[in-house]
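Here the structure is a predicted model, which means the values were calculated and not measured.
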Amino acid sequence: MAIESKLHVNGSTSTSCEYPLDSGDRILSIQSHVAYGYVGGKAAVFPLQCIGYDVDVVNTVNFSNHTGYARFAGTRASAEELTSIFKSMDETGLLSPRRLLTGYIPNAAALEVIRNLAQKLKSDNPNLIYLLDPVLGDSGKLYVSQDVIPIYKNMLSSATIITPNWFEVETLTGVPLRSLSALRDALSILHEQVPHVVVSSIPVQPWLSEVLPETMQPPASTDNQQGYLLCMCSSRSLGTSPLSTVHARIVPLISGYFSGVGDLFSALTLGHFNPSSMLSDGKLHSQTPLSFAVAAALHKTHSILELTNAYAAQLPPEECTATDEERDAAEPVRQLKRMRGRELRLVQGQNILREEWREGQGKDMHLWDGFWDLCQPGFHTSL
């Protein structure tokens with residue numbers, strides 16, 4: 001879809017960014033791979049290519065399909081295999097990405113290799129943009145062993161951006177997200193090491209709804225069953241105010257089990273992130289570079305989910321059944337058919353992915369003005 005690079009909205013001119021910023025802006029993607037479906041690298045690489053990036057790919061696992069199918073086969077890359085790949089790339093002069101994206105890593109030994117690689121790449125290129133997606137778990141359940149958690153905590157200082165979900169925020173900080181003060185505490189802890197923090201999804205529960213600004217509240221509706229998720233991002237520049245700039249936006253919750261959503265969101269956030277996005281007059285728009293990228297990623301990811309959900313709803317009844325663990329265990333084919341129908345429709349939605357993103361389309365992240373209000377004197381001074 002061709003879109004003009006400038007658009008007049010309410011009498012003002014909005015800007016857009018065309019990606020990649022230059023032809024040498026390569027991305028090294030290190031995450032899982034599946035033969036069938038779209039999770040891990042399969043959910044990240046094609047979208048990044050759609051917006052113009054060359055992507056070098058290292059697979060941390062090679063599975064037949066994602067584990068939500070209940071049955072799968074394949075192998076996990078060992079620490080020795082990953083080390084060998086990176087060593088050969090380096091010796092051949094092929095290890096010089098300007099951006100790094102890491103997702104699911106199968107174990108602590110492999111994660112240590114990735115940690116060392118990130119440190120090396122950062123040392124070689126201090127301007128490296130590293131998006132670390134700390135894939136730990138979701139909905140209160142860990143996907144990985146406990147011994148990877150301290151390694152992820154040690155990796156935070158190498159990252160430019162992190163994209164944890166609410167459960168991963170709680171796991172990394174030890175702060176249960178049950179109040180605005182807890183949310184502030186968690187962001188404070190993460191910002192001690194990371195300049196840009198994205199909390200990809202937080203269920204809008206009563207405590208959160210009560211503290212959201214009016215501009216972020218769910219629309220008035222008679223449908224009390226409609227759930228919402230909050231996506232928020234927080235940027236703090238070293239040497240400036242100790243308080244970060246926070247943006248957020250809610251989206252309707254699409255019920256059902258969909259895999260690869262976080263992988264897609266993280267890839268698009270990295271792909272749309274331009275740390276030097278300034279207006280020609282030298283003034284930043286109402287969005288920060290991070291909130292601009294997150295707005296694009298959130299809109300495109302949610303649009304792909306809507307497309308996928310619409311496709312699944314048109315399938316025969318036996319292929320779009322509701323999740324029922326007891327029945328799924330007794331009838332494995334039931335779960336298989338449901339998972340197959342909910343694979344992300346990336347190819348069919350590539351026009352969504354290729355859309356040039358611009359500020360002022362009505363899908364921007366909202367500035368959470370006053371997020372840090374009522375903080376005690378000295379709060380954040382350790383940052």
Side-chain angles (χ1 to χ4, degrees), residues 31-48 50 61 63-72 101 103-104 133-143 163-168 198-204 225-231 249-269 294 296-325 327-328 332-353:
Q31 50 192 314
S32 61
H33 174 80
V34 290
Y36 183 93
Y38 296 95
V39 300
K42 286 284 290 289
V45 175
F46 177 67
L48 288 170
C50 280
V61 305
F63 286 167
S64 56
N65 47 267
H66 71 70
T67 58
Y69 281 86
R71 55 176 71 173
F72 63 95
L101 172 64
Y104 175 75
D133 183 5
V135 182
L136 293 167
D138 198 5
S139 302
K141 181 180 179 181
L142 280 174
Y143 299 154
T163 54
N165 58 39
W166 68 269
F167 173 70
E168 290 160 344
V198 182
V199 185
S200 60
S201 59
I202 308 176
V204 180
Q225 302 303 312
Q226 176 65 65
Y228 289 86
L229 295 175
L230 179 78
C231 176
R249 187 176 185 88
I250 65 165
V251 292
L253 175 65
I254 299 177
S255 60
Y257 186 101
F258 300 91
S259 295
V261 179
D263 306 316
L264 171 62
F265 174 80
S266 293
L268 290 172
T269 297
V294 170
L298 182 63
H299 172 70
K300 293 184 179 185
T301 300
H302 195 260
S303 296
I304 291 290
L305 262 180
E306 289 179 322
L307 180 66
T308 304
N309 193 51
Y311 169 77
Q314 297 175 357
L315 293 173
E318 65 271 14
E319 296 186 31
C320 53
T321 56
T323 301
D324 185 321
E325 293 184 3
R327 290 190 63 186
D328 289 344
V333 174
R334 182 178 185 273
Q335 182 174 356
L336 186 152
K337 289 181 177 180
R338 183 175 63 252
M339 291 295 102
R340 190 170 55 200
R342 291 179 178 175
E343 292 285 0
L344 296 178
R345 306 287 285 176
L346 295 182
V347 174
Q348 296 77 10
Q350 61 184 282
N351 62 309
I352 296 169
L353 302 173

Shortest non-hydrogen contact between N165 and G137, atoms and distance
ND2-O, 3.0 Å
Nearest heavy-atom neighbours spanning C231 and V294:
SG-CG1, 3.7 Å
Any side-chain heavy atom of L353 sitting closer than 4.5 Å to one from F46?
yes
Give the minimum heavy-atom separation between A44 and Q31, together with the two atoms involved.
CB-NE2, 3.5 Å
Give the table of side-chain donor-acceptor pairs shorter than 3.5 Å for residues 261-268, with sequence neighbours excluded, one pair per line with atom names and distance.
residue	atom	partner	partner atom	Å
D263	OD2	G40	N	2.8
S266	OG	D133	OD2	3.4
S266	OG	T163	OG1	2.8
S266	OG	G262	O	3.1

Partner residues of Q350 under the side-chain hydrogen bond (donor to acceptor under 3.5 Å, both in side chains) criterion, sequence neighbours left out
R354
Is the closest side-chain heavy-atom distance between H302 and I254 below 4.5 Å?
yes
Applying side chain to side chain contact (heavy atoms under 4.5 Å, CB included), can you list everything that pairs with F72, at least two apart in sequence or on another chain?
F63, S64, N65, T67
Counting C-beta onward and ignoring hydrogens, is there a side-chain heavy-atom pair between P47 and L346 closer than 4.5 Å?
yes
In terms of heavy-atom contacts, S32 and V61 come closest through CB-CG2, 3.3 Å
Looking only at heavy atoms, which two atoms of L307 and R345 are closest? And how far apart?
CD2-O, 3.8 Å
Nearest 0.5 Å, what's the NE2-OH distance between H66 and Y257?
6.0 Å
Would you indicate whether the side-chain heavy atoms of Y36 and Y69 approach each other to under 4.5 Å?
yes
Does the pair L344 and L305 meet the rule for a side chain to side chain contact (heavy atoms under 4.5 Å, CB included), with working shown?
CA-CA 7 Å; L344 296 178; L305 262 180; 4.2 Å; yes
Tightest non-hydrogen contact, residues Y143 and V135, listed as CD1-CG1, 4.1 Å
Are any non-hydrogen side-chain atoms of V251 and T301 less than 4.5 angstrom apart?
no
Spatial distance of atom CG (L230) from atom OG (S200) [nearest 0.5 Å]
10.5 Å
Report the C-alpha distance between N309 and F258 in whole Å, list the side-chain angles of each, state the deciding distance to 0.1 Å, and finish with yes or no for side chain to side chain contact (heavy atoms under 4.5 Å, CB included).
CA-CA 9 Å; N309 193 51; F258 300 91; 3.6 Å; yes
OH of Y38 to CD of E343, rounded to nearest 0.5 Å, is 8.5 Å
